[in-house]
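Contents: one structure, followed by commentary.
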Amino acid sequence: MESSNGHEANGATKHDHENGEESKSNEIEQQKVHIMRVHVEREDPSAKEVDDLMIRRFLRAREHDIEKASNLLLKYLSWRRSFIPNGSVYPSEIPKELAQNKLFMQGVDKKNHPIVVVFGAKHKPYKGNLEEFKRFVAFTLDRICARMPDGQEKFVAIADIEGWGYTNSDIRGYLAALSILQDYYPERLAKLFIVHVPYIFMTAWKVIYPFIDSKTKKKIIFVENKKLSSTLLVDIDESQLPDVYGGRLPLVPIQDS
């Protein structure tokens, strides 16, 4: 009896210790958020509009380095002013991108992250599309963030590359999208499933891969065709899984979500 009580006591002590460590690190993080806010607001008064959660995401994206995180946030605020002067991108600004009908949002995973599905073979670069495509990426990310359930900050994406070929290849576009996601919407991606991958796609992937930061790399999962449903069902309940993957939810275009 004595030894079992000893184990329980040890377990409780360990649990209390972990809780204590966690609350201590949360406290330190909160202090850093406060310091960063003062610094950033001094450089750019528009930062007063920014909530603590956003500051915390930028801080986490730079491993709690206040200076690096502040620089990234200031860069974001400046980008937002010049690139999205009206405060948001309107569908009328990205007609060609929306007409490709390549990005959908519907349902949530088991952790309540919204689910986004993008079809790589529906993306076709055209003359002068890079600016519109970048606006489309910002429109999409803003739309996803606006639809986040309470208490949630991240989303899950499924990139479906079925039928992808050289006419879809758009290295400049992919790198621009990656840069926008990593620099201006840090700590927003929870996980990226890449499915139905044709061998030819790996030529483009090899070019993009070195530009993906180490944190993002850990969130990317290439899914084998024969394990597609079983892999997705680990994270997503059948009732929330898109019907194209054997689930029950129809896909809804991002502009209608």
Next item on the list: Examine distances only and state if a side-chain atom of Ser82 and a backbone atom of Ser78 form a donor-acceptor pair shorter than 3.5 Å.
Entry: yes
Checklist line | Minimum side-chain heavy-atom gap Pro198-Ile161 below 4.5 Å | finding: yes
Note to self: With side chain to side chain donor-acceptor pair (under 3.5 Å) as the rule and sequence neighbours excluded, what pairs involving residues 204-214 come up?
What the structure shows: Asp213-Thr216
Margin query: If the threshold is 4.0 Å, N to carboxylate O, is there a salt bridge linking Glu132 and Lys96?
Written below: no
Margin query: For the NZ atom on Lys227, are there more than 12 heavy atoms of other groups (residues, nucleotides or ligands in this structure) within a distance under 6.0 Å?
Written below: no
Next item on the list: Tell me, please, which residues at least two apart from His34 pass side chain to side chain donor-acceptor pair (under 3.5 Å).
Entry: none
Next item on the list: Flag the pair Arg42 / Val38 as yes when at least one side-chain heavy-atom distance between them is below 4.5 Å, and no otherwise.
Entry: yes
Check: Looking at Glu97 and Arg135, does any basic side-chain N land under 4.0 Å from a carboxylate oxygen?
Finding: no
Margin query: Holding to side chain to side chain donor-acceptor pair (under 3.5 Å), I want the full list of residues that pass it with Arg81, two or more places apart in sequence or in another chain.
Written below: Asp44, Ser46
Check: Taking only residues two or more places apart in sequence or in another chain, which ones pass side chain to side chain donor-acceptor pair (under 3.5 Å) with Asn71?
Finding: none
Please table the atom pairs, donor to acceptor, closer than 3.5 Å between any side-chain atom in residues 138-145 and protein atoms at least two apart or in another chain.
unit_1	atom_1	unit_2	atom_2	d
Thr140	OG1	Phe136	O	2.8
Asp142	OD1	Arg80	NH1	3.1
Asp142	OD1	Tyr185	OH	2.8
Asp142	OD2	Arg80	NH1	3.4
Asp142	OD2	Arg80	NH2	2.6
Arg143	NH1	Ile254	O	3.4
Arg143	NH1	Gln255	O	3.1
Arg143	NH1	Ser257	O	3.4

Next item on the list: Kindly write out the residues that satisfy ring pair (Phe, Tyr, Trp, His ring centres under 6.0 Å) with Tyr126, not counting sequence neighbours, or none if the list is empty.
Entry: none
Item checked: Other cluster members, Val108 - Ile/Leu/Val/Met/Phe/Trp/Tyr, side-chain contacts below 4.5 Å -> none
Next item on the list: Following the transitive rule for hydrophobic clusters with a side-chain heavy-atom cut-off under 4.5 Å over Ile, Leu, Val, Met, Phe, Trp and Tyr, establish whether Leu228 and Val156 coincide in one cluster.
Entry: yes
Note to self: Side chains of Phe83 and Val89, heavy atoms from C-beta outward: is any pair under 4.5 Å?
What the structure shows: no
Check: Mind checking what makes ring pair (Phe, Tyr, Trp, His ring centres under 6.0 Å) contact with Phe201, not counting sequence neighbours?
Finding: Trp164
Notebook entry, point to check: Considering only heavy atoms from C-beta outward, does the side chain of Ile115 approach that of Ile236 to under 4.5 Å?
Noted result: yes
Next item on the list: Please assess Glu187 against Arg56 for the test salt bridge (charged side-chain N to carboxylate O under 4.0 Å, His left out), listing each intermediate value before the final yes or no.
Entry: CA-CA 9 Å; Glu187 296 294 302; Arg56 190 178 73 177; over 6 Å; no
Next item on the list: Quick one: which residue pairs count as a ring-ring contact (aromatic ring centres under 6.0 Å, His included) with a foot in residues 35-70, not counting sequence neighbours?
Entry: Phe58-Tyr76
Check: With a 4.5 Å heavy-atom cut-off, do Val195 and Glu162 have their side chains touching?
Finding: no
Next item on the list: Could you tell me whether the side chains of His123 and Asp170 share a donor-acceptor contact shorter than 3.5 Å?
Entry: yes
Notebook entry, point to check: Between Glu63 and Lys68, is the closest basic N to carboxylate O distance under 4.0 Å?
Noted result: no
Item checked: With sequence neighbours excluded, residues passing ring pair (Phe, Tyr, Trp, His ring centres under 6.0 Å) with Phe119 -> Phe104
Note to self: Among His113, Met148, Lys154, which residue satisfies the side-chain contact (heavy atoms from CB on, under 4.5 Å) criterion with Arg188?
What the structure shows: Met148
Checklist line | Sub-4.5 Å side-chain heavy-atom contact between Leu73 and Met54 | finding: yes
Check: Should Glu131 and Lys134 count as an ion pair when the cut-off is N to O under 4.0 Å?
Finding: yes
Item checked: Closest heavy-atom pair and its distance - Pro125, Ser169 -> CG-O, 3.6 Å
Checklist line | Test side chain to side chain donor-acceptor pair (under 3.5 Å) applied to Ser230 - qualifying residues, sequence neighbours left out | finding: none
Checklist line | Qualifying side chain to side chain donor-acceptor pair (under 3.5 Å) pairs, either residue in residues 238-252, two or more places apart | finding: Asp160-Tyr245, Asp237-Ser239
Check: If we only count heavy atoms from C-beta on, is the Pro253 to Lys102 side-chain gap below 4.5 Å?
Finding: no
Notebook entry, point to check: Any ion pair linking Arg62 and Glu67 (charged N to carboxylate O, less than 4.0 Å)?
Noted result: no
Item checked: Side chain to side chain, Lys219 and Leu192, heavy atoms closer than 4.5 Å -> no
